[in-house]
Amino acid sequence: MDTVRIAIVGSEFAAGLHARALERNPHAKVVAACSIDEESLLRFVKAHSIADSYDDYTRMFAREDVDVVCVCAPNFLHREISIAALEAGKHVICEKPLATTLEDAVAMVEAARKTERLLMYAEDWLNAPAVLRVREIIDEGGIGEVLYIKAKECHNGSHSIYAQTKEYCGGGAMIHLGIHPMAFARWLVASEIVEVSGMTTGGGEENFLHKGYGGEDWSAALIRLENGVRAFIEGNYITHGGMDDVIEIYGTDGLIKIDLTFGSPLSVYSRHGFKYAVEKAETTRGWTRPAVDEEANLGYVSEMAHFIDCVRNGRQPVFGTRAEDGAAVLQAVLAVYESAKSGRTVELKALFS
Ligand SMILES: NC(=O)c1ccc[n+]([C@@H]2O[C@H](COP(=O)([O-])OP(=O)(O)OC[C@H]3O[C@@H](n4cnc5c(N)ncnc54)[C@H](O)[C@@H]3O)[C@@H](O)[C@H]2O)c1
């Protein structure tokens, strides 16, 4: 197949990331989009020159000319939308988290296996160019054996009403932000997470800053991987000044630091400000470090290229981006919540054989 034809469910932030990344792929064409918000859908299809729009995804999935569905809808809908697409014979690219419950995640993996379609887990960190370069350095023995990873994604709060409501999203900063570094640690050392100890703020009035959010606005976890590597994972919504994605990797013979969001070659001082510096930054006045090609640097462009290649050539996605990986990472995130609630360490067992 030379051109993979794609339909997107959702028309807001994540849908925009997918559409822009796919526009840069010569083998991908977004042919349709669906959203329950008519105004947003119209804006979205116009901005990306998408021919057809739908208010009901089942009608969109009935189209024979759609090969892949991108699920960019709220977390609690990932299960029903993904399974409907798989059963309609489509391959699926599902945004993180794979689902909001383990039961949903397992049902999604089973549906992909039964329908023999690809269910690809969109963890963009694993395709960020800086992360891929670090992978090479580690594989070449640059820092010896990895011992400890410290990684976080933090910003000042989600724009999405769904992400602020626990019933819709399954939690707070850990399921939305901490899930990236959690997936990264597991992927980097190719080992399962076997032990989790977590702490979070309590949601609502028990949050530090975001009293209107049902889920926590600060979360941290200590994890142990099967191969003995330890990691400290953080996700929080109390970080002002723009999205802060920072990773430190400690090895027997060296260490690596990655700054995914402020590692720009630009330093700008502006008295009056300009349009945009970096995701979630409140201001562009004074000194800023404006992102250069944020979509590529955060991994969306290469991630989509990998998934399109999988569909075109009948390949499985790499470790870390398969549906089973999405389920394993969700299991660890939910264990953070369980541990934070009980005050005990949680041990994890393999979900799939
Ligand atoms: N990988 C990343 O960096 C990243 C970044 C942001 C969001 N996400 C993920 O992407 C997903 C969407 O997030 P967002 O920030 O775009 O959320 P959003 O709230 O901004 O947008 C949600 C979209 O889904 C649509 N929608 C809701 N119910 C629907 C239904 N029944 N049928 C069709 N469309 C429906 C809404 O109209 C809206 O267009 C979430 O799962 C989120 O976790 C990932």
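Atoms within each ligand, like the ligands themselves, are counted from 1 in listed order.
Residue Glu123 places every heavy atom at 4.0 Å or more from ligand 1. Note on ligand 1: Phe44 sits outside its first shell, no heavy atom being nearer than 4.0 Å.
The cluster map of Ile, Leu, Val, Met, Phe, Trp and Tyr, joined by side-chain heavy atoms under 4.5 Å apart, puts Val92 and Met108 in the same cluster.
At a 3.5 angstrom cut-off on N or O pairs, Ile81 does not count as close to ligand 1. Residue Pro74 has no nitrogen or oxygen atom sitting less than 3.5 Å from a nitrogen or oxygen atom of ligand 1, judged on distance alone. For a threshold of 3.5 Å applied to N or O pairs, the pair formed by Ala14 and ligand 1 contains at least one separation below that value. The distance criterion of under 3.5 Å between nitrogen or oxygen atoms is met by Lys96 with respect to ligand 1.
Checked against the 6.0 Å centroid criterion, the rings of Phe13 and His159 qualify as a close aromatic pair. Proximity of the aromatic rings of His48 and Phe44 is defined here by a centroid distance below 6.0 angstrom, and this criterion is met.
If you look at Ile36 next to ligand 1, the close heavy atoms, those under 4.0 Å, come from the backbone and the side chain alike. Contacts between Leu77 and ligand 1 below 4.0 angstrom, taking non-hydrogen atoms only, involve the side chain exclusively. Contact annotation for Phe13 and ligand 1: heavy atoms of both the backbone and the side chain come within less than 4.0 Å of the ligand.
Using the six-membered ring where Trp is involved, Phe61 and Tyr57 have ring planes that are tilted, between 30° and 60° apart.
For atom 2 (C) of ligand 1, the closest non-hydrogen atom of the protein is Tyr300 OH, 3.5 Å. Nearest to atom 11 (C) of ligand 1 among the protein's heavy atoms is Ala73 O, 3.3 Å. The shortest contact between atom 44 (C) of ligand 1 and any protein heavy atom is with Glu95 OE1, 3.0 Å.
The side-chain hydrogen bond (donor to acceptor under 3.5 Å, both in side chains) with Arg79 is formed by just one residue from the set Thr101, Asp104, Thr100; it is Asp104.
Enclosure of atom OH in Tyr168 is not indicated, since only 12 or fewer non-hydrogen atoms of other residues, nucleotides or ligands lie within 6.0 angstrom.
Residue-ligand proximity, His176 to ligand 1, at heavy-atom distances under 4.0 Å covers atoms 43 (O).
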